[in-house]
Every structure is written in C-alpha cells, then in structure tokens.
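In each ligand, atom 1 is the first atom listed, and ligand 1 is the first ligand listed. Throughout, residue positions are numbered sequentially from 1 according to the sequence presented.
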Amino acid sequence: MIDLRSDTVTRPGQAMLAAMTGAETGDDVWGDDPTVLRLQARVAEEAGKEAGLFFPSGTQSNLAALMAHCARGDEYIVGQAAHTYKYEGGGAAVLGSIQPQPLENAEDGTIALERVAAAIKPIDDHFARTRLFALENTIGGKVLPAAYVAEATQFAHGRGLATHLDGARVFNAVVASNQPLKALAEGFDSVSICFSKGLGAPVGSVLVGSKALIDVAHRWRKVLGGGMRQSGVLAAACLYALDHNVARLADDHANAARLAAGLAQIDEVKVASVATNMVFAQFPQADCAPLEAWLKERGILTQMLYASRFVTHLDVSADDIDTFLAAVKGYFKR
Ligand SMILES: *Cc1c(COP(=O)(O)O)cnc(C)c1O
C-alpha cells in the first residue's frame, strides 16, 4: 500500500529494528537505562538546552511541559490551530487545570503579537495568570518565519511569559530552512520533538529545556503514567533515526512538491498549499468519497475530505507519487 494519510504510518525497517534489538537497557524509572540517557543528552545538546526527557508520545511530552510551566489556574496562550490546543483532547485543561487562551493563527502559522499582548491578563484575582506562550514549528507543514520566532519569544519573555515550542516536526523545519536545531530552538524555554513522525521511529518524543524545568516535567511524566522501564529499546530507534533519517527529510519535501505540482495540473483539483512534507488540496465535495475508494482499490490510502492533506514520508517514493497522480488523473478521466 502507498499510504499518504500521515507520516506516522512508517514502519521500522530492518536496520532500525536491529538497532533496537541490540540496545543496552536498564530500568529508566530508576534512571538506569544508558540508551535513554544517551538519547536525552544528545537531543538536549543538539537543541542547545541543558536537559532532555524521553516520553512515549508527543501529546504527553507537550502536556508535561505545559504542566511544568503552568500551575492550576494559570493560562497559556496558544494558536487556534495548534496541536496542543486542538488535537490533544483538551489535556491542558482536563489534566493540568490550565486555561488555554487560543488566538487565531495567520495563514503562515504565526500569531499576531498585538493579539498576544491584548490577551495577557492583568495581575488581578479575577483572571487566570497568563504564564506561557506556545508556538508550533512546523505548523500545517509550514516553517515559522525565523524573524517572527525571534521577535515573538523576546516579546513573551519581556512580558514575563515562558515559551514552549511544539516541535513535533521541527526536524522538517531544520531541513527545509537549512538551520541547525539549536537555531530553531533558540528563544524557547522548552521544545517537544517527535521521533514517530517523519523520523520514522515507532514510538517516542523528547522534551528539552533547562535542568530545573525538566526535573519538574519528570515528576509530571510519572504522574501522567509515562515512566517506562527498559525503554532503551525505543530510544535506540530514535538514536537510529537521528543518525539516518534527518537529512533524508529533503526527499519527502521534494516528493511533496512533486505531488503538489502533479495535482495542480488536474482541472478539478485546487492545491491550497504545499510546504515541507504536506500538501493540502481541495477536491469537488461529491468526488471525495468515490475517489478515496477508487484509490484504495489501487493500493493507495488517503483521507479524502473537501480540504485533503497528503503527507510524504520515508515509505513513499517518487514512483509512488507518480502512481498516485496517475490514479487521480485516471479517476477524473473515467
Ligand atoms: C503528532 C503531533 C503531536 C503529538 O504526538 P503524538 O506522538 O501523536 O502524541 C504533537 N504536535 C504535533 C504538531 C503533532 O503533529
């Protein structure tokens, strides 16, 4: 099957599985797993932060970070389109007693700083205490403009707010902008990075930040049920991904551009945007369900909605993109 639904669908290949099988392990709840310690130290170092912490998922890593920054009755400012706000079951409010203050994301994923300024609550018992400003990079596949990130994080710190980056796909931004991770993490007090998206590991996220912040997040990880034992088998997959699957994200970006260019040639399809490894396109509403079925019969998995998202990853080749495009063209010519 050619699976364009998400970059989470990749399966660990033989070499990654061999790295996992060969991992040296220990009980990480006791702080004894050398492979987990190696991963945490390496990601922290690459991101220019003091410490790292391994999590089973990006959702839990983001939540533990929010809980480390904000106490009960505090507030975080976040984009309406942000994963932590929109796609994590409201965890900050449900489990963290943190009030989200969502603000509109502009087309490029930024949040206007005048709006942020206006949303920061005065110190007064009527209001939640505004503590944190959270951004996401990439967001909807787009790389946040570097100048905006610098300005936004300085602004937040100037107003006494901490800063968090949901960097689930920050390595796509690293490759697309040709900047080191350290540069993209600069200005953020914490960054959460997923290894189970484009990097191709089966499981795992790492949160990085100051030693003091990571110590607090460590306690919340325990409370959230995220303490794992011989998790070096999982960390080994993430280390393998860091060594082998970062630079190749450029192939995914090229394949997404190829996919977008091909779809743009089809009269019935409107390509809304393409950046890094994601293409958003609009299809006639009436064609969505039949086209999805047509593609599935031809071994291609998609989620066809009026505004459909196609995601490239390490299990999709340039030939697969051509197969997909030929099938879509075939559908509209039938
Ligand atoms: C996938 C994703 C997450 C959460 O990661 P899981 O490992 O699926 O919990 C967080 N933020 C963004 C932007 C994501 O794409």
Side-chain angles (χ1 to χ4, degrees), residues 3-12 39 43 47 52-69 76 78-92 94-96 100 102 105 108-111 132-144 149 163-176 181 184-185 188 190-208 217 220-221 224-226 228 231 234-235 237-238 241 245 249 252-253 256 273 275-280 303 309-314:
D3 195 339
L4 295 167
R5 294 172 302 168
S6 176
D7 50 5
T8 56
V9 301
T10 59
R11 314 233 172 116
L39 174 69
V43 180
L53 189 61
F54 189 46
F55 283 84
S57 71
T59 299
Q60 194 178 78
S61 171
N62 276 327
L63 178 56
L66 297 180
M67 292 174 76
H69 286 295
Y76 83 116
V78 62
Q80 285 279 3
H83 202 281
T84 64
Y85 173 64
K86 193 171 176 185
Y87 300 102
E88 296 181 8
V94 175
L95 300 169
N105 290 95
D108 63 358
T110 61
I111 303 167
L132 177 70
F133 182 37
L135 287 169
E136 185 174 313
N137 197 13
T138 60
I139 177 160
K142 291 175 186 154
V143 180
L144 285 180
V149 171
T163 51
H164 173 69
L165 179 67
D166 179 353
R169 295 191 178 85
V170 73
F171 276 108
N172 292 89
V174 162
V175 169
L181 177 60
L184 298 193
F188 292 102
S190 54
V191 182
S192 172
I193 302 169
C194 278
F195 289 82
S196 60
K197 304 277 168 87
L199 294 183
V203 174
S205 283
V206 173
L207 179 69
V208 295
W220 287 124
R221 187 186 70 172
L224 296 170
M228 298 186 287
S231 37
L234 303 174
C238 301
N245 293 347
L249 290 171
D252 298 345
H253 300 172
S273 74
T276 65
N277 67 333
M278 290 187 194
V279 180
F280 291 86
Q303 193 179 24
R309 182 188 80 161
F310 304 95
V311 189
T312 56
H313 50 76
L314 57 77

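- Given atom 9 (O) of ligand 1, the protein heavy atom at minimum distance is T59 OG1, 2.6 Å.
- Exactly one of E136, E88, R169 qualifies for a side chain to side chain donor-acceptor pair (under 3.5 Å) with H83. That residue is E88.
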(request) Please report the C-alpha distance between H313 and D3 in whole Å, then the side-chain angles of each, then the deciding distance to 0.1 Å, and finally whether the side-chain hydrogen bond (donor to acceptor under 3.5 Å, both in side chains) criterion is met. (result) CA-CA 9 Å; H313 50 76; D3 195 339; 5.5 Å; no
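- The N/O atoms of K197, backbone and side chain alike, include one that comes under 3.5 Å of an N/O atom in ligand 1.
- Listed by chain and number, the residues in a side chain to side chain contact (heavy atoms under 4.5 Å, CB included) with V43 are L39, I193, F195, V206, V208, L242 (sequence neighbours excluded).
- The atoms of ligand 1 that sit less than 4.0 Å from any heavy atom of N62 are 10 (C), 11 (N).
- Within 6.0 Å of the CD atom in Q80, the count of heavy atoms belonging to other residues, nucleotides or ligands exceeds 12.
- A side chain to side chain donor-acceptor pair (under 3.5 Å) with D166 is found for exactly one of T59, N62, T84, namely N62.
- Residue-level proximity to ligand 1 for D166 is carried by the side chain, the only part with a heavy atom below 4.0 angstrom.
- At a heavy-atom distance under 4.0 Å, atoms from both the backbone and the side chain of S57 approach ligand 1.
- Residue contacts with ligand 1, taken as heavy atom pairs separated by less than 4.0 Å, do not involve T8 at all.
- With sequence neighbours excluded, no residue satisfies ring pair (Phe, Tyr, Trp, His ring centres under 6.0 Å) with H253.
- Contacts with ligand 1 closer than 4.0 Å are made by no heavy atom of S192, backbone or side chain.
- Tested against F171 for a side-chain contact (heavy atoms from CB on, under 4.5 Å), the candidates L184, N245, T276, L249 yield a single pass: L249.
- For ligand 1, the polar-atom distance check against S205 finds no nitrogen or oxygen pair separated by under 3.5 Å.
- Of the candidates G167, G58, S61, the one placing a heavy atom closest to atom 6 (P) of ligand 1 is G58.
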(request) Starting from the C-alpha separation in whole Å, work towards a yes-or-no answer on side-chain hydrogen bond (donor to acceptor under 3.5 Å, both in side chains) for S61 and S205. (result) CA-CA 7 Å; S61 171; S205 283; 5.3 Å; no
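- Across all non-hydrogen atoms, the minimal contact from F280 to G140 is CE1-O, 3.4 Å.
- Residue R169 approaches ligand 1 through these ligand atoms, each under 4.0 Å from one of its heavy atoms: 15 (O).
- Between E136 and ligand 1, a contact under 3.5 Å exists for no N or O pair.
- The distance from ligand 1 to the heavy atoms of C194 drops below 4.0 Å at these ligand atoms: 5 (O).
- Between E88 and ligand 1 there is a heavy-atom distance shorter than 4.0 Å.
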